[in-house]
Amino acid sequence: MDRRSFIKLTAITTSSAALASCGNPENQLIRFVPDEDIVPGIATWKPSVCPACAAGCGLTVRVMDADAEVVRNGQAGVVTIHAAKKLEGLPDHPVNRGGLCARGQSAIQITYHPDRLTQPLRRSGERGDGRYEAISWADALAELVRQLDTLQAAGNQKALALLSRGGVSHRALLVDQFLAAYGAPAAVSFDLFGDDVLRRANALSFGRFQLPTFDLANARCVINFGSDFLGTWNSPVSQARAYGEMRQGRPGVRGLFVQVESRMSQTGANADEWVPVPPGTEGALALGLAHVIVANGLRPGDGAALAGYMPAQVQKITGVDPRRIERIARTLAEASPAVAMIGGPPLAHTNGLFSALAVNRLNAILGNVEQPGGVFFTAQPEMFNAFRLKAEATGASGPLAALAASSPQMLLVDGANPVFEAPRAWTVREAFEKVPFIASFGSFLDETSALADLILPDHSFLESWVDAVPESGSLVPVMSVAPRVMRPLYQTRAMPDVLLDAGRRLAKPVTLPWPTYEEMLGSVFARLPAAAEGGDAWSEAQEKGGWWGEPSTPAATPARVAVAPGATEWVPPQFDGDPQQYPLYFLPYPSSQFRDGSLAHLPWLQEMPDPLTSGMWSAWVEINPATAGRLGIAEGDIVEIASSQGTVRAPAVMFPGIAPDLVAMPVGQGHRTFTRYASGRGDNPVSLIAPMRESATGALAWAATRVRITRAGDPDGRLILFAGGMREHVEERR
């Protein structure tokens, strides 16, 4: 599919002439017979599930007839199909209530992307050079089965590894059961910006290894430590909707919002009061606020445990004036209900668990756990308890590092790209290059899929059954599910069905209870209570986009509050790099467009200006103007950022909302292999991250690296700012 077809199908234009006139005239396309049930010009709306992050937002997809360039039996042609034209939020879904972020809106481009893989591929060149030959599904499945049979015959099933993006879903449950039946270890997941430190803290404090749901709509005061909950963290659409209700949804009541962080985020820019603190000191401030509240009798609590956090002592750690600490603490106690939040950079330090436990203690003192306006935990289906127990026992980043060192004989990759996302010191690419056989289910050739020997491309989320089990963002239990909204455009197959098919073909078959993924979903949802008397929960779920409990206020039974030993003892953060050689802290943060880089291939997101810098189609480094002046750096200058792990170069952006001793870069650009829209756009800031770990959990401390920055050259045009005028992208002139 060429670029003009791509644009047409993603609803930028509806001119049917565009497809007919595009492409090379010598490549004539065959017009296949259209779907018989199409009614020209009539739109229908079908439910789906957003794939852009783990929040599990519900979608409603506008579907109309359109000419599409497709592949049928290996032959390219044009067919009139029911094509998805627009994504919107599903109005009744408990998580997003009709809202949808820009990343979710852009997800439609996954299906129509011109660089999407259209059929199975087998490596024909050296590993990593991107040379593949097209093969049939019969040959692809035969190769996958042959490799699995070889391990099975040698009694070496444990040498099979499967790497995914993680998250809780029925797809993940099927994968887990397949691996167990085959005799392989459980799947390994990796998320650069994972939240297992917060989950561990919640398990210690409240008995729930889970991300919280905040009842912001009923809060009168919110203090947030570091998380970009309106932009990229946790369940941003749900949180933004509730935040709007807190600020404007109650006549005569406008909730107060205080943000604590070292670099102003999109969320911080919305705060009534912004409190800058040094990286890794947020927990000390939280305990300082708790001390004031307890010491002044504003709430009950263990004053002895907080004795070391008098405002004057906290000032030495955080630099925050004692009078300000006193004022904020009294506001939290008096503006009830009040709630404290933490996530993102504060938990990405070596003392991240301390900070999370400190905020949990503050919430417990405020008395808001499982109370209106406070902290809740969304009920989760029991069938997924094993996932959480496994994650609680192992953490998120430890298994990937172990996998890289374990020398598997066969690796299956499902949606993960650790070659791009993992620290260089973990040598993931080098480890994967030694694996005898790698198969990827990726729809695009990214840095990890480019190492595969066999690629079995998955359907897009609009072409297959999709599901999600939201961990957070709703006060009622939710299981999202939806059938395909359109026929597959290409010769792709759903990954769960490929696994089920391969399992049946083995010399020693691995047979699960369901012949297809659809039947697995049906068997699960059929056991749930129906909303209508005498109804069928499975049919209802397909029609409305999922199953969820009745809207009600959860029982106000306080969760267990037992802060772990030592949680009130100040533990300073540790950083990689000699301060004399590397004088600046480095913050690689999730970008508003791409989060961790997995969405950088979508051009709508590339051309979406960053909300704070207006940067687009480019990478940059943010630096305080005072620091830049001292170093002789001006806006747009090319600078070199160096850590103990290596160097990257990027244009400088003057950013007043950052501490003078901190520089920051959004993660997402710097891909070497990830379609025409993402490849070759600067350097990857993840390559600077040292392999520091949170001391208690072993999670990657991705904000614990020091750097130095030096001017390396004059502006060279690679920085594109919306405020500085639109520039046509070179790829768009082709």
Self-check item: Partners passing side chain to side chain donor-acceptor pair (under 3.5 Å) against Asn363 (at least two apart in sequence or in another chain)
Solution: Asn368

Quiz item: With no hydrogens and no angle check, do the side chains of Ser472 and Thr213 hold a donor and an acceptor under 3.5 Å apart?
Solution: yes

Quiz item: With side chains defined as the heavy atoms from C-beta onward, is the minimum distance between Val294 and Asp302 less than 4.5 Å?
Solution: no

Quiz item: Looking at Phe209, does the NZ or CZ of Arg200 lie under 6.0 angstrom from its six-membered ring centre and within 45 degrees of the ring axis?
Solution: no

Self-check item: By ring-ring contact (aromatic ring centres under 6.0 Å, His included) - contacts of Trp702 (at least two apart)
Solution: Phe193

Quiz item: So, do Asn224 and Val260 sit near enough that their side-chain heavy atoms are less than 4.5 Å apart?
Solution: no

Quiz item: Excluding sequence neighbours, so at least two apart, what forms ring-ring contact (aromatic ring centres under 6.0 Å, His included) with Phe420?
Solution: His671

Quiz item: Any ion pair linking Arg672 and Asp683 (charged N to carboxylate O, less than 4.0 Å)?
Solution: yes

Quiz item: Between Ser591 and Val667, is there a donor-acceptor pair closer than 3.5 Å when you use the side chain of the first and the backbone of the second?
Solution: yes

Practice problem: Compute whether any side-chain donor of one residue and acceptor of the other, for Thr448 and Asp446, lie under 3.5 angstrom apart. | Solution: no

Self-check item: Over all atoms of both residues, closest heavy-atom pair of Thr647 and Ala642
Solution: CG2-CB, 3.5 Å

Self-check item: Any side-chain heavy-atom pair of Ile365 and Leu306 under 4.5 Å
Solution: yes

Quiz prompt | Proximity of Tyr243 and Phe257 rings by center, below 6.0 Å | solution = yes

Exercise. Please list all pairs passing the side-chain hydrogen bond (donor to acceptor under 3.5 Å, both in side chains) test where one or both residues lie in residues 571-583, with sequence neighbours left out.
Key: Asp576-Ser644

Quiz item: When rounded to the nearest 0.5 angstrom, what distance separates OG1 in Thr281 from CH2 in Trp570?
Solution: 6.0 Å

Exercise. Just say parallel, tilted or perpendicular for the rings of Phe575 and Tyr585, cut-offs at 30° and 60°.
Key: tilted

Quiz item: Taking only residues two or more places apart in sequence or in another chain, which ones pass side-chain contact (heavy atoms from CB on, under 4.5 Å) with Glu273?
Solution: Val258, Val275, Arg324, Arg327, Ile328

Self-check item: Point-to-point distance, once rounded to the nearest 0.5 Å, from CG of Leu347 to OG1 of Thr697
Solution: 9.5 Å

Practice problem: First locate atom OG1 of Thr378, then atom CG of Leu475, and finally report the distance between them rounded to the nearest 0.5 Å. | Solution: 6.5 Å

Quiz item: Would you say Thr613 and Trp620 make side-chain contact, with heavy atoms under 4.5 Å?
Solution: yes

Quiz item: Of all residues at least two apart in sequence or in a different chain, which pass the salt bridge (charged side-chain N to carboxylate O under 4.0 Å, His left out) check with Glu694?
Solution: none

Quiz item: Is a donor on one side and an acceptor on the other found under 3.5 Å between the side chain of Ser265 and the backbone of Asp228?
Solution: no

Exercise. Kindly state whether the ring of Phe354 and the ring of His349 have centres lying under 6.0 angstrom apart.
Key: no

Quiz item: salt bridge (charged side-chain N to carboxylate O under 4.0 Å, His left out) with Asp661: which residues, sequence neighbours excluded?
Solution: none

Quiz prompt | Partners meeting side-chain contact (heavy atoms from CB on, under 4.5 Å) with Ala201 (sequence neighbours left out) | solution = Leu353, Ala356, Leu357, Asn360

Quiz prompt | With sequence neighbours excluded, residues passing side-chain contact (heavy atoms from CB on, under 4.5 Å) with Ser592 | solution = Gln266, Asp610, Pro611

Self-check item: Partner residues of Ala55 under the side-chain contact (heavy atoms from CB on, under 4.5 Å) criterion, sequence neighbours left out
Solution: Cys53, Cys57, Ser235

Quiz item: Which residues pass the salt bridge (charged side-chain N to carboxylate O under 4.0 Å, His left out) test with Asp215, sequence neighbours left out?
Solution: none

Quiz prompt | Short side-chain to backbone donor-acceptor contact, Thr318 and Leu285, under 3.5 Å | solution = no

Quiz item: Salt bridge between Glu471 and Arg208, side-chain N to carboxylate O under 4.0 Å?
Solution: no

Self-check item: Heavy-atom donor-acceptor pair, Glu282 side chain to Pro345 backbone, under 3.5 Å
Solution: no

Quiz item: When you measure from the side chain of Arg424 to the backbone N and O of Leu688, does any donor-acceptor pair fall under 3.5 Å?
Solution: no

Quiz prompt | Cationic N near anionic O, under 4.0 Å, Lys434 to Glu430 | solution = no

Quiz item: Hey, does Val375 have a side-chain heavy atom less than 4.5 Å from the side chain of Glu370?
Solution: no

Quiz item: Going by distance alone, is a donor N or O of one side chain under 3.5 Å from an acceptor N or O of the other, for Asn202 and Ser205?
Solution: no

Quiz prompt | 4.5 Å side-chain heavy-atom contact, Thr710 and Leu631 | solution = no

Self-check item: Minimum side-chain heavy-atom gap Ile709-Val707 below 4.5 Å
Solution: no

Exercise. Would you check if Pro666 and Tyr589 make a side-chain contact, meaning some heavy-atom pair closer than 4.5 Å?
Key: yes

Self-check item: Contacts of type salt bridge (charged side-chain N to carboxylate O under 4.0 Å, His left out), residue Arg103, not counting sequence neighbours
Solution: none

Exercise. Could you tell me whether a side-chain N or O of Asp176 sits under 3.5 Å from a main-chain N or O of Ala172, the two making a donor and an acceptor?
Key: no

Quiz item: Could Glu640 and Arg708 be called an ion pair, given the rule that one side-chain N must be under 4.0 Å from one carboxylate O?
Solution: no

Quiz item: Between Ser227 and Ile342, is there a donor-acceptor pair closer than 3.5 Å when you use the side chain of the first and the backbone of the second?
Solution: no

Exercise. Return yes if a side-chain donor-acceptor contact under 3.5 Å exists between Asn234 and Gln239, otherwise no.
Key: yes

